[in-house]
Amino acid sequence: QVQVVESGGGLVQAGDSLTLSCTASQATFATYNMGWFRQASGKEREFVAAISWNNGIIEYADSVKGRFTLSRDNFKNPLYLQMNSLKPEDTAVYYCAVDRSPWMGLRRALTAYNYWGQGTQVTVSS
């Protein structure tokens with residue numbers, strides 16, 4: 001079982017920046033795609049961003065494009081989500097997830113991901 005742990009959430013003001021981190025066990029030895037999802041209160045969990053195992057492909061939801069940046073270190077772990085120009089509508093629990101089948105392509109569906117973190121709360125005040 002792969003353990004996924006997110007960190008970095010907190011309370012910030014609109015316009016501020018915040019960086020989330022995600023660590024997955026054995027990530028340096030595996031070729032896994034990884035992604036970020038979020039779930040606001042009363043809403044369904046939605047795709048935020050994903051990155052391919054070789055960092056060759058990165059995709060973002062339209063709502064965060066141009067503001068959020070996905071990246072990994074030299075060994076593809078940890079995974080970072082740099083969030084700039086935060087808006088109140090970005091408020092949600094953010095989840096990191098691992099897709100162990102990268103040959104399927106970079107995917108946005110929740111069901112494509114095999115391992116999930118417990119989530120970290122991001123709250124953006126106005």
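Only a predicted model underlies this, so the values are computations on that prediction, with no experimental measurement involved. Any value given below was found using the heavy atoms of this structure, including those in side chains, with hydrogens, waters and symmetry copies removed.
- Atom CH2 in Trp36 sits 12.5 Å away from atom CD1 in Ile51 (nearest 0.5 Å).
- Of all the heavy atoms in Ala50 and Leu106, the pair that sits closest is O-CD2, 3.7 Å.
- The ring-ring contact (aromatic ring centres under 6.0 Å, His included) contacts involving residues 83-111 comprise nothing, where partners must be two or more places apart or lie in separate chains.
- Residues forming a side-chain hydrogen bond (donor to acceptor under 3.5 Å, both in side chains) with Asp90 (at least two apart in sequence, or on another chain): Arg38, Arg67.
- Scanning for side chain to side chain contact (heavy atoms under 4.5 Å, CB included) contacts around Glu44 gives an empty result, with sequence neighbours left out.
- For Phe47, the ring-ring contact (aromatic ring centres under 6.0 Å, His included) partners two or more places apart in sequence, or in a different chain, are Phe37.
- Residues that satisfy the side-chain hydrogen bond (donor to acceptor under 3.5 Å, both in side chains) test with Lys65, not counting sequence neighbours, are Asp62.
- Think of Tyr80 as one node in a network of Ile, Leu, Val, Met, Phe, Trp and Tyr side chains linked at under 4.5 Å; it has no links at all.
- Between Leu81 atom CG and Thr69 atom OG1 the span is 8.0 Å, to the nearest 0.5 Å.
- Side chain of Ser25 to main chain of Gln3: a donor-acceptor pair is present (N/O by atom type, distance under 3.5 Å, no hydrogens or angles).
- Arg100 is linked by a salt bridge (charged side-chain N to carboxylate O under 4.0 Å, His left out) to nothing, counting only residues two or more places apart in sequence or in another chain.
- A salt bridge (Lys or Arg N to Asp or Glu O under 4.0 Å) check over residues 103-124, counting only residues at least two apart or in different chains, returns the pairs Glu59-Arg108, Asp99-Arg107.
- With sequence neighbours excluded, no residue forms a side-chain hydrogen bond (donor to acceptor under 3.5 Å, both in side chains) with Ser71.
- Between Tyr113 atom OH and Ser101 atom OG the span is 11.0 Å, to the nearest 0.5 Å.
- Judged as a side-chain hydrogen bond (donor to acceptor under 3.5 Å, both in side chains), and not counting sequence neighbours, the contacts of Gln118 are Glu6.
- The closest side-chain donor-acceptor pair between Asn33 and Ser52, if any, does not fall under 3.5 angstrom.
- Judged by distance alone, the side chain of Thr91 and the main-chain N or O of Val124 form a donor-acceptor pair under 3.5 Å.
- Figure legend: Arg45 and Trp116 shown as a cation-pi pair, the cationic atom lying under 6.0 angstrom from the six-membered ring centre and within 45 degrees of its axis.
- Counting heavy atoms from C-beta on, the side chains of Ser17 and Gln82 come closer than 4.5 Å.
- The two residues Ala92 and Ala40 come nearest to each other via the heavy atoms CB-N, 3.7 Å.
- Without hydrogens or angle criteria, Thr123 side chain to Leu11 main chain gives no donor-acceptor distance under 3.5 Å.
- Closest approach of Pro102 and Thr31 over heavy atoms only: CG-O, 2.8 Å.
- Both Ile58 and Met34 sit in one connected hydrophobic cluster of ILVMFWY residues. Membership requires side-chain heavy atoms under 4.5 Å apart, directly or through other members.
- Residues Val93 and Val4 do not share a hydrophobic cluster, defined by chaining ILVMFWY side chains whose heavy atoms lie under 4.5 Å apart.
- A 4.5 Å side-chain heavy-atom check between Val2 and Asn114 finds every atom pair outside the cut-off.
- Around the CD atom of Glu46, the shell of radius 6.0 Å holds more than 12 heavy atoms that belong to other residues, nucleotides or ligands.
- Every pair tested for salt bridge (Lys or Arg N to Asp or Glu O under 4.0 Å) that includes a residue from residues 110-126 fails, sequence neighbours excluded, so the list is empty.
- Partners of Ser7 by side chain to side chain contact (heavy atoms under 4.5 Å, CB included), not counting sequence neighbours, listed by chain and number: Ser21.
- Side-chain contact annotation: Gln13 with Ser125, donor-acceptor N/O pair under 3.5 Å absent.
- Under the 4.5 Å side-chain contact rule for hydrophobic residues, Phe68 and Val12 share a cluster.
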